[in-house]
There are 2 protein chains.
Amino acid sequence: MERDVFSALADPTRRRMLDLLVRQERAAGELGHAFPHISQPGISRHLRVLREAGLVRVRQERRHRYYSLRSERLAEVDAWITKYRGFWEFELDSLEAYLDSKKRARGEHRA
Amino acid sequence: MERDVFSALADPTRRRMLDLLVRQERAAGELGHAFPHISQPGISRHLRVLREAGLVRVRQERRHRYYSLRSERLAEVDAWITKYRGFWEFELDSLEAYLDSKKRARGEHRA
DNA sequence: ACAGTATATACCCTGTCGGTTATCCAAGTG
DNA sequence: CACTTGGATAACCGACAGGGTATATACTGT
(Lines give C-alpha, C1' and ligand atoms only; values in the text may rest on other atoms or scores of the structure.)
Protein backbone atom coordinates (compact mmCIF):
# COMPACT_ATOMS: atom_id res chain seq x y z
CA MET A 1 0.00 0.00 0.00
CA GLU A 2 0.87 3.66 -0.07
CA ARG A 3 2.68 3.69 -3.35
CA ASP A 4 3.97 6.79 -5.06
CA VAL A 5 1.47 8.24 -7.51
CA PHE A 6 4.08 9.49 -9.96
CA SER A 7 5.72 6.11 -10.27
CA ALA A 8 2.31 4.53 -10.79
CA LEU A 9 1.75 6.98 -13.63
CA ALA A 10 5.16 6.24 -15.12
CA ASP A 11 3.85 3.22 -17.00
CA PRO A 12 1.98 3.97 -20.24
CA THR A 13 -0.30 0.95 -19.87
CA ARG A 14 -1.49 2.23 -16.52
CA ARG A 15 -2.07 5.70 -17.92
CA ARG A 16 -4.21 4.23 -20.67
CA MET A 17 -6.14 2.28 -18.05
CA LEU A 18 -6.94 5.50 -16.27
CA ASP A 19 -8.00 6.99 -19.58
CA LEU A 20 -10.48 4.16 -19.95
CA LEU A 21 -11.90 4.92 -16.55
CA VAL A 22 -12.53 8.60 -17.06
CA ARG A 23 -16.07 8.25 -18.33
CA GLN A 24 -17.18 5.07 -16.59
CA GLU A 25 -16.22 2.36 -14.20
CA ARG A 26 -15.15 -0.90 -15.81
CA ALA A 27 -14.69 -4.51 -14.79
CA ALA A 28 -11.14 -5.85 -14.63
CA GLY A 29 -11.74 -8.18 -17.55
CA GLU A 30 -13.17 -5.40 -19.64
CA LEU A 31 -10.04 -3.35 -19.01
CA GLY A 32 -7.95 -6.36 -19.94
CA HIS A 33 -9.55 -6.60 -23.37
CA ALA A 34 -8.08 -3.22 -24.18
CA PHE A 35 -4.60 -4.75 -23.86
CA PRO A 36 -4.65 -8.01 -25.79
CA HIS A 37 -0.87 -8.25 -25.70
CA ILE A 38 -0.80 -8.45 -21.91
CA SER A 39 -1.78 -11.56 -19.99
CA GLN A 40 -4.55 -11.56 -17.41
CA PRO A 41 -2.18 -11.65 -14.45
CA GLY A 42 -0.28 -8.77 -15.97
CA ILE A 43 -3.44 -6.71 -16.11
CA SER A 44 -4.30 -7.67 -12.58
CA ARG A 45 -0.94 -6.48 -11.33
CA HIS A 46 -1.21 -3.16 -13.09
CA LEU A 47 -4.56 -2.70 -11.44
CA ARG A 48 -3.03 -3.52 -8.12
CA VAL A 49 -0.43 -0.82 -8.58
CA LEU A 50 -3.14 1.70 -9.40
CA ARG A 51 -5.05 0.60 -6.33
CA GLU A 52 -2.03 0.87 -4.07
CA ALA A 53 -1.35 4.33 -5.39
CA GLY A 54 -4.90 5.29 -4.50
CA LEU A 55 -5.72 6.13 -8.11
CA VAL A 56 -8.63 3.73 -8.39
CA ARG A 57 -11.13 2.01 -6.16
CA VAL A 58 -12.74 -1.39 -6.60
CA ARG A 59 -16.27 -2.50 -6.08
CA GLN A 60 -17.33 -6.11 -6.22
CA GLU A 61 -20.64 -6.91 -7.83
CA ARG A 62 -21.66 -10.45 -8.51
CA ARG A 63 -18.64 -12.05 -10.13
CA HIS A 64 -17.12 -8.83 -11.36
CA ARG A 65 -14.75 -6.33 -9.86
CA TYR A 66 -15.49 -2.87 -11.09
CA TYR A 67 -12.68 -0.37 -11.08
CA SER A 68 -13.32 3.35 -11.00
CA LEU A 69 -11.23 6.47 -10.80
CA ARG A 70 -10.40 8.19 -7.52
CA SER A 71 -9.86 11.86 -7.90
CA GLU A 72 -7.85 12.77 -4.82
CA ARG A 73 -4.46 11.55 -5.92
CA LEU A 74 -4.80 12.92 -9.41
CA ALA A 75 -5.67 16.22 -7.84
CA GLU A 76 -2.38 16.00 -5.94
CA VAL A 77 -0.49 15.62 -9.17
CA ASP A 78 -2.41 18.53 -10.54
CA ALA A 79 -1.46 20.55 -7.49
CA TRP A 80 2.19 19.68 -8.02
CA ILE A 81 2.21 20.75 -11.61
CA THR A 82 0.35 23.92 -10.77
CA LYS A 83 3.57 25.26 -9.31
CA TYR A 84 4.95 25.24 -12.82
CA ARG A 85 1.93 26.55 -14.64
CA GLY A 86 2.82 30.14 -13.97
CA PHE A 87 6.28 29.41 -15.26
CA TRP A 88 5.38 28.23 -18.70
CA GLU A 89 2.72 30.84 -19.11
CA PHE A 90 5.53 33.29 -18.49
CA GLU A 91 7.72 31.55 -21.07
CA LEU A 92 4.98 31.58 -23.65
CA ASP A 93 4.35 35.23 -22.90
CA SER A 94 8.04 35.93 -23.41
CA LEU A 95 7.96 34.16 -26.74
CA GLU A 96 4.89 36.05 -27.76
CA ALA A 97 6.41 39.34 -26.70
CA TYR A 98 9.55 38.48 -28.63
CA LEU A 99 7.67 37.65 -31.79
CA ASP A 100 5.58 40.72 -31.28
CA SER A 101 8.61 42.97 -30.98
CA LYS A 102 9.99 41.45 -34.14
CA LYS A 103 6.78 42.11 -35.99
CA ARG A 104 6.73 45.65 -34.74
CA ALA A 105 10.35 46.09 -35.80
CA ARG A 106 9.45 44.92 -39.29
CA GLY A 107 6.48 47.24 -39.33
CA GLU A 108 8.65 50.19 -38.39
CA HIS A 109 11.00 49.34 -41.22
CA ARG A 110 8.22 49.58 -43.70
CA ALA A 111 6.65 52.64 -42.15
CA MET B 1 17.29 10.90 -26.08
CA GLU B 2 13.54 11.15 -26.28
CA ARG B 3 12.75 9.74 -22.92
CA ASP B 4 9.28 9.51 -21.42
CA VAL B 5 8.38 12.53 -19.34
CA PHE B 6 6.29 10.61 -16.85
CA SER B 7 9.04 8.16 -16.06
CA ALA B 8 11.46 11.05 -15.65
CA LEU B 9 9.05 12.53 -13.13
CA ALA B 10 8.68 9.22 -11.33
CA ASP B 11 11.81 9.82 -9.27
CA PRO B 12 11.37 12.12 -6.26
CA THR B 13 14.92 13.44 -6.47
CA ARG B 14 14.29 14.62 -10.00
CA ARG B 15 11.02 16.25 -9.01
CA ARG B 16 12.82 18.16 -6.29
CA MET B 17 15.41 19.23 -8.82
CA LEU B 18 12.70 20.71 -10.97
CA ASP B 19 11.32 22.45 -7.91
CA LEU B 20 14.70 24.08 -7.43
CA LEU B 21 14.62 25.32 -10.99
CA VAL B 22 11.25 26.98 -10.89
CA ARG B 23 12.48 30.38 -9.85
CA GLN B 24 15.95 30.41 -11.36
CA GLU B 25 18.47 28.51 -13.38
CA ARG B 26 21.17 26.76 -11.39
CA ALA B 27 24.57 25.24 -12.02
CA ALA B 28 24.85 21.46 -11.78
CA GLY B 29 27.04 21.68 -8.70
CA GLU B 30 24.63 24.02 -7.00
CA LEU B 31 21.84 21.53 -7.60
CA GLY B 32 24.04 18.80 -6.22
CA HIS B 33 24.43 20.57 -2.90
CA ALA B 34 20.74 20.15 -2.33
CA PHE B 35 21.25 16.38 -2.25
CA PRO B 36 24.24 15.71 0.00
CA HIS B 37 23.43 12.01 0.18
CA ILE B 38 23.87 11.56 -3.57
CA SER B 39 27.28 11.51 -5.21
CA GLN B 40 28.25 13.96 -7.94
CA PRO B 41 27.93 11.36 -10.70
CA GLY B 42 24.52 10.43 -9.36
CA ILE B 43 23.40 14.04 -9.65
CA SER B 44 24.84 14.27 -13.13
CA ARG B 45 22.88 11.24 -14.23
CA HIS B 46 19.62 12.56 -12.85
CA LEU B 47 20.24 15.74 -14.78
CA ARG B 48 20.86 13.73 -17.89
CA VAL B 49 17.52 12.01 -17.51
CA LEU B 50 15.80 15.36 -17.14
CA ARG B 51 17.62 16.61 -20.23
CA GLU B 52 16.68 13.58 -22.28
CA ALA B 53 13.08 13.98 -21.25
CA GLY B 54 13.22 17.56 -22.49
CA LEU B 55 12.37 18.91 -19.06
CA VAL B 56 15.47 21.09 -18.74
CA ARG B 57 17.96 22.79 -20.98
CA VAL B 58 21.64 23.46 -20.31
CA ARG B 59 23.73 26.49 -20.97
CA GLN B 60 27.46 26.52 -20.55
CA GLU B 61 29.06 29.60 -19.12
CA ARG B 62 32.70 29.63 -18.19
CA ARG B 63 33.24 26.47 -16.18
CA HIS B 64 29.64 26.03 -15.18
CA ARG B 65 26.70 24.33 -16.75
CA TYR B 66 23.51 26.11 -15.90
CA TYR B 67 20.31 24.10 -15.95
CA SER B 68 16.95 25.72 -16.44
CA LEU B 69 13.39 24.53 -16.80
CA ARG B 70 11.76 23.90 -20.15
CA SER B 71 8.07 24.41 -20.10
CA GLU B 72 6.86 22.44 -23.12
CA ARG B 73 6.98 18.98 -21.65
CA LEU B 74 5.52 19.99 -18.34
CA ALA B 75 2.73 21.60 -20.30
CA GLU B 76 2.16 18.21 -21.93
CA VAL B 77 1.74 16.60 -18.55
CA ASP B 78 -0.60 19.35 -17.59
CA ALA B 79 -2.59 18.71 -20.76
CA TRP B 80 -2.81 15.03 -19.89
CA ILE B 81 -4.10 15.65 -16.43
CA THR B 82 -6.55 18.19 -17.71
CA LYS B 83 -8.64 15.33 -19.06
CA TYR B 84 -9.26 14.35 -15.45
CA ARG B 85 -9.79 17.77 -14.02
CA GLY B 86 -13.44 17.84 -14.95
CA PHE B 87 -13.81 14.46 -13.35
CA TRP B 88 -12.67 15.34 -9.87
CA GLU B 89 -14.45 18.62 -9.92
CA PHE B 90 -17.54 16.54 -10.54
CA GLU B 91 -16.67 14.25 -7.65
CA LEU B 92 -16.10 17.15 -5.30
CA ASP B 93 -19.36 18.67 -6.44
CA SER B 94 -21.10 15.39 -5.68
CA LEU B 95 -19.56 15.35 -2.23
CA GLU B 96 -20.58 18.90 -1.63
CA ALA B 97 -24.09 18.21 -2.84
CA TYR B 98 -24.26 15.21 -0.55
CA LEU B 99 -23.10 17.15 2.49
CA ASP B 100 -25.43 19.90 1.54
CA SER B 101 -28.40 17.59 1.31
CA LYS B 102 -27.49 16.21 4.72
CA LYS B 103 -27.32 19.64 6.21
CA ARG B 104 -30.64 20.49 4.66
CA ALA B 105 -32.08 17.27 6.05
CA ARG B 106 -30.88 18.22 9.52
CA GLY B 107 -32.34 21.65 9.06
CA GLU B 108 -35.70 20.19 8.14
CA HIS B 109 -35.62 18.02 11.22
CA ARG B 110 -35.16 21.01 13.40
CA ALA B 111 -37.63 23.10 11.51
C1' DA C 1 52.28 22.80 -19.99
C1' DC C 2 50.27 22.03 -15.45
C1' DA C 3 47.25 21.92 -11.65
C1' DG C 4 42.63 22.59 -10.27
C1' DT C 5 37.79 22.86 -10.61
C1' DA C 6 33.24 21.53 -12.78
C1' DT C 7 30.81 18.01 -14.84
C1' DA C 8 30.11 13.88 -17.56
C1' DT C 9 30.94 8.92 -18.65
C1' DA C 10 32.26 3.89 -17.78
C1' DC C 11 31.66 0.10 -15.24
C1' DC C 12 29.73 -2.67 -11.68
C1' DC C 13 26.27 -4.15 -8.30
C1' DT C 14 21.72 -4.58 -6.46
C1' DG C 15 16.83 -3.98 -6.30
C1' DT C 16 12.66 -3.30 -8.58
C1' DC C 17 9.58 -3.68 -12.77
C1' DG C 18 6.93 -5.74 -16.04
C1' DG C 19 6.03 -9.86 -18.17
C1' DT C 20 5.04 -14.98 -18.18
C1' DT C 21 3.02 -19.57 -16.54
C1' DA C 22 0.91 -22.11 -13.00
C1' DT C 23 -2.09 -21.99 -9.23
C1' DC C 24 -5.49 -20.48 -6.05
C1' DC C 25 -9.86 -18.48 -4.46
C1' DA C 26 -14.65 -16.86 -4.65
C1' DA C 27 -19.00 -16.66 -6.82
C1' DG C 28 -22.51 -18.41 -9.66
C1' DT C 29 -24.80 -22.49 -12.01
C1' DG C 30 -26.42 -27.22 -13.27
C1' DC D 1 -21.50 -31.09 -5.02
C1' DA D 2 -18.71 -30.54 -9.25
C1' DC D 3 -17.81 -27.26 -12.95
C1' DT D 4 -17.04 -22.81 -14.88
C1' DT D 5 -15.82 -18.13 -14.83
C1' DG D 6 -13.56 -13.71 -13.15
C1' DG D 7 -9.80 -12.34 -11.04
C1' DA D 8 -5.87 -12.29 -7.70
C1' DT D 9 -1.50 -14.33 -6.10
C1' DA D 10 3.01 -17.02 -6.37
C1' DA D 11 7.21 -18.08 -8.38
C1' DC D 12 10.38 -17.06 -11.74
C1' DC D 13 13.07 -14.31 -15.20
C1' DG D 14 15.27 -10.73 -18.14
C1' DA D 15 15.69 -5.78 -18.47
C1' DC D 16 16.50 -1.67 -16.50
C1' DA D 17 16.98 2.03 -12.81
C1' DG D 18 19.68 4.16 -9.61
C1' DG D 19 23.48 4.00 -6.55
C1' DG D 20 28.62 3.87 -5.95
C1' DT D 21 33.85 4.38 -7.31
C1' DA D 22 37.08 5.38 -10.68
C1' DT D 23 38.15 7.87 -14.73
C1' DA D 24 37.71 11.00 -18.55
C1' DT D 25 36.80 15.51 -20.46
C1' DA D 26 36.50 20.52 -20.56
C1' DC D 27 37.59 24.88 -19.17
C1' DT D 28 40.64 28.30 -16.07
C1' DG D 29 44.23 30.38 -14.01
C1' DT D 30 49.36 30.24 -13.35
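Because only heavy atoms are used, hydrogens play no part in the values below, and waters and symmetry mates are left out as well, while side chains stay in.
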I'd like a list of close polar pairs between nucleotides 24-30 of chain D and the protein, N/O only, cut-off under 3.5 Å.
from   : atom 1 : to      : atom 2 : distance (Å)
D:dT28 : O4'    : B:Arg63 : NE     : 3.1
D:dT28 : O4'    : B:Arg63 : NH2    : 3.4
D:dG29 : OP1    : B:Arg62 : NH2    : 2.8

List the residues meeting side chain to side chain contact (heavy atoms under 4.5 Å, CB included) with B:Val49, not counting sequence neighbours, and say none if there are none.
B:Arg3, B:Ala8, B:Arg14
Taking side chain to side chain contact (heavy atoms under 4.5 Å, CB included) as the definition, give me every residue that meets it alongside B:His64, ordered by chain and number, with sequence neighbours left out.
B:Ala27, B:Tyr66
Tell me, which of residues 23-30 of chain A have any heavy atom that sits under 4.0 Å from an atom in DNA chain D?
A:Ala27, A:Ala28, A:Gly29
For B:Tyr66, answer base if it contacts any base atom (sugar-phosphate contacts may also be present), sugar-phosphate if it contacts only those atoms, and nothing otherwise; contact means non-hydrogen atoms under 4.0 Å.
nothing
Look only at the side chain of A:Arg73 and the backbone of A:Val5, and say whether a donor-acceptor pair between them is shorter than 3.5 Å.
no
Counting C-beta onward and ignoring hydrogens, is there a side-chain heavy-atom pair between B:Trp80 and A:Val77 closer than 4.5 Å?
no
Between the side chain of A:Arg57 and the main-chain N/O of A:Tyr67, is any donor-acceptor distance below 3.5 Å?
no
Is a salt bridge present between B:Arg85 and B:Asp78, judged by a nitrogen-to-oxygen distance below 4.0 Å?
yes
B:Arg15 (side chain) donor-acceptor with B:Leu9 (main chain) under 3.5 angstrom
yes
With a 4.5 Å cut-off on side-chain heavy atoms, are B:Val56 and B:Leu18 touching?
yes
Without swapping roles, check the side chain of A:Tyr84 against the backbone of B:Leu69 for a donor-acceptor pair under 3.5 Å.
no
Quickly work out the A:Arg59 CZ to C:dA26 P distance and round it to whole Å.
20 Å
Interatomic distance, B:Phe6 CZ vs D:dA17 P [rounded to whole Å]
17 Å
note: B:Asp4, atom CG; C:dC17, atom P; distance rounded to Å ~ 16 Å
Whole-Å gap separating P (D:dA8) and NE2 (A:His64)
12 Å
Contact list please: residues 31-47 of chain A against DNA chain C, heavy atoms, distance less than 4.0 Å, in numerical order.
A:His37, A:Ile38, A:Ser39, A:Pro41, A:Gly42, A:Arg45, A:His46
Can we say A:Asp11 and A:Arg16 salt-bridge, meaning some charged N sits less than 4.0 Å from an Asp/Glu carboxylate O?
no
Looking at residues at least two apart in the chain, or sitting in another chain, which of them share a salt bridge (charged side-chain N to carboxylate O under 4.0 Å, His left out) with A:Arg59?
A:Glu25, A:Glu61
Rounded to the Å, how far apart are B:Asp11 CG and D:dC16 P?
18 Å
